[in-house]
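In this text the structure is predicted, and so the values were computed from the model without any measurement. Just so we're on the same page: letters track the sequence lines, and every chain starts at 1.
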Protein chains: 2
Amino acid sequence: MRLTAKSEYGLLALIDLAVAWNGGPVSTRDIARNRDIPPAFLEQLLATLRREGLVIAVRGARGGFVLARDPHSISALDIVEALEGPLAPTVCAAQAICGREGTCAAEPVWARVSASLRNVLGEFDLASLAERQALFDAAFTVPTPEE
Amino acid sequence: MRLTAKSEYGLLALIDLAVAWNGGPVSTRDIARNRDIPPAFLEQLLATLRREGLVIAVRGARGGFVLARDPHSISALDIVEALEGPLAPTVCAAQAICGREGTCAAEPVWARVSASLRNVLGEFDLASLAERQALFDAAFTVPTPEE
DNA sequence: TCAATCCTGACAACATAAGTAGGGTTTGCC
DNA sequence: GGCAAACCCTACTTATGTTGTCAGGATTGA
């Protein structure tokens, strides 16, 4: 079982945007460099996230992307669902194909997997992830007091 | 996010074997018919499950498959892992590729997703699933007291 | 004006999923 | 002994999804 690289890249990118929250827009190029993501691919992902209403694009020179709303109100689930579509662990969890809807003992298994997955992803919000990331970044950045 | 048809078919097949626990072996053909699974494909899955030690094959006429141990001791997690390999939601959950191991805020997200998934799947055992399935089956089978 | 930046659609290489095909081997039963 | 039922094994196929790349267009700050 796996989520695709889209989710992984998308979450990283939006953590970076959350870190820069209240600052100016961040360009795909900067994020791609920072996170080692193929730039053109990341651009596509951010375009999707814009269409899904999670980020706002600022075009032109010195442009980039900004979170569309407060980082507290964006969860990992929002990002994953925006990039991967609805989260169903199996075909059968989405639609009964065996003609046994309601009479198949396997049904609750997939239902509970799906619910638990959504639940866990929903618990992570960008604000806390960004906070944690900022701590990590600070620990590995030499302070430059002369600036 | 999704598990593949293998998990879905495999779980259904092993529920059928659990229902027939203490009876004789059940053939792939019977299971395939009962669950509407392509027979040749199911055969491959059962061969995998045999190699993984979950079922025992009985060759020759009147042969088939039997659970290798008590249905109480086989979980949905056992089946899914046997058929799909180790359960990692993203590439990064399996191996850090960005060179930020321990300093990436996204890491705990995938870790918790993985843990929760394993946890939920581990909660379902074949004995209870078979019990439930037997109830469903009984409800849709006309009793034949004259036999 | 120019360069930085996002926007869009097409395309390609590769991997995986889902099944098919065809033979080989074992074994219960008449 | 013969035969059919069943598992065993490997290879092949077809379709789809993933992970990008590429080329050009539109927008805008300096």
Side-chain angles (χ1 to χ4, degrees), chain A residues 1-10 12-13 17 20 24-33 35-52 54-68 80 83-86 88-92 94 97-98, chain B residues 1-10 12-13 17 20 24-33 35-52 54-68 80 83-86 88-92 94 97-98:
Chain A
M1 197 276 317
R2 54 187 278 273
L3 299 167
T4 70
K6 288 193 226 171
S7 292
E8 198 157 344
Y9 292 162
L12 292 175
L17 292 190
V26 184
S27 69
T28 48
R29 194 152 147 275
D30 286 348
I31 299 175
R33 259 214 279 265
R35 295 296 191 167
D36 203 31
I37 301 172
F41 191 43
L42 178 59
E43 208 172 319
Q44 290 185 8
L45 302 184
L46 286 168
T48 302
L49 292 169
R50 175 183 57 79
R51 284 180 215 112
E52 296 289 326
L54 293 183
V55 301
I56 292 170
V58 180
R59 302 180 69 168
R62 300 282 168 184
F65 290 89
V66 188
L67 290 184
V80 170
L83 291 172
E84 315 244 7
T90 67
V91 177
C92 194
I97 50 175
C98 55
Chain B
M1 196 277 316
R2 51 189 281 272
L3 300 166
T4 69
K6 288 192 223 171
S7 292
E8 197 156 346
Y9 292 162
L12 292 175
L17 292 189
V26 184
S27 69
T28 48
R29 196 153 144 273
D30 286 349
I31 300 175
R33 260 215 275 265
R35 294 296 191 167
D36 203 31
I37 301 172
F41 191 43
L42 178 59
E43 206 171 322
Q44 291 184 10
L45 303 184
L46 286 168
T48 303
L49 292 170
R50 174 182 56 79
R51 284 180 213 112
E52 296 290 326
L54 294 182
V55 301
I56 292 170
V58 180
R59 303 182 67 166
R62 300 282 168 185
F65 291 90
V66 188
L67 289 184
V80 170
L83 291 172
E84 314 244 7
T90 68
V91 178
C92 194
I97 50 174
C98 55

What integer distance in Å separates Arg50(B):CZ from dC8(D):C1'?
-> 7 Å
Of the listed nucleotides dT19(D), dC7(D), dC8(D), the one nearest the side chain of Thr4(A) | dT19(D)
Can you tell me the distance, in whole Å, between the CG atom of Leu42(A) and the C1' atom of dT21(D)?
-> 14 Å
Per the atom types in the model, does the base of dA26(D) pair as donor or acceptor with the side chain of Arg59(A) at under 3.5 Å?
-> yes
Sugar-phosphate only, base, or nothing, as touched by Ala47(B) at under 4.0 Å among non-hydrogen atoms = nothing
From the candidates dG29(D), dG28(C), dG19(C), the one with an atom nearest any side-chain atom of Arg62(A) is dG29(D)
From the candidates dG19(C), dT18(D), dT28(D), the one with an atom nearest any side-chain atom of Phe41(B) is dG19(C)
Mapping Glu43(A) and Thr28(B) onto DNA chain D by nearest heavy atom, which one lands closer to the 5' end?
-> Thr28(B)
Just how far is it from atom CG of Leu49(B) to atom CG of Leu83(B), taken to the nearest 0.5 Å?
-> 4.5 Å
Just how far, in rounded Å, is P of dT5(C) from CD1 of Ile31(A)?
-> 12 Å
Tyr9(B) side-chain N/O to dG19(C) phosphate OP1/OP2 under 4.0 Å = yes
Between Arg51(A) and dC7(C), is there a side-chain N or O to OP1/OP2 distance below 4.0 Å?
-> no
Below 4.5 Å, heavy atoms only, C-beta onward: do Leu46(A) and Glu43(A) meet side chain to side chain?
-> no
Could you tell me whether Gly60(B) contacts a base, only the sugar-phosphate backbone, or nothing, with contacts defined as non-hydrogen atoms closer than 4.0 Å?
-> base
Measure from the side-chain heavy atoms of Ala61(A) and tell me the nearest of dA4(C), dA18(C), dC9(D).
-> dA4(C)
No-H, no-angle donor-acceptor pair, Arg29(A) side chain to dT5(C) base, under 3.5 Å = no
Whole angstrom value for the distance that separates P of dC8(D) from CG of Leu46(B) | 9 Å
Under 3.5 Å, is there a donor-acceptor pair between the side chain of Glu84(A) and the main chain of Thr4(A)?
-> yes
Measure distances between side-chain N and O atoms of Gln44(B) and base N and O atoms of dC9(D), and say whether any donor-acceptor pair falls under 3.5 Å.
-> no
Between C1' of dA17(C) and CD of Glu8(B), the distance in whole Å | 13 Å
When rounded to the nearest 0.5 Å, the distance separating CG of Leu42(A) from CZ of Arg35(A) is 11.0 Å
When the distance from CG of Leu45(B) to P of dC7(D) is rounded to whole Å, what number comes out?
-> 13 Å
Determine the minimum heavy-atom distance between Pro25(A) and Arg62(A), stating which atoms define it.
-> CG-O, 3.6 Å
Report the distance from atom CG of Leu83(A) to atom P of dG17(D), rounded to the nearest whole Å.
-> 16 Å
Compare side-chain N and O positions of Arg2(B) against OP1 and OP2 of dA18(C) and report whether any pair is under 4.0 Å apart.
-> yes
Using atom CZ of Arg35(A) as one end and atom C1' of dG20(D) as the other, report the distance to the nearest whole Å.
-> 20 Å
Are Pro39(B) and Thr28(B) side-chain neighbours, meaning at least one heavy-atom pair lies under 4.5 Å?
-> no
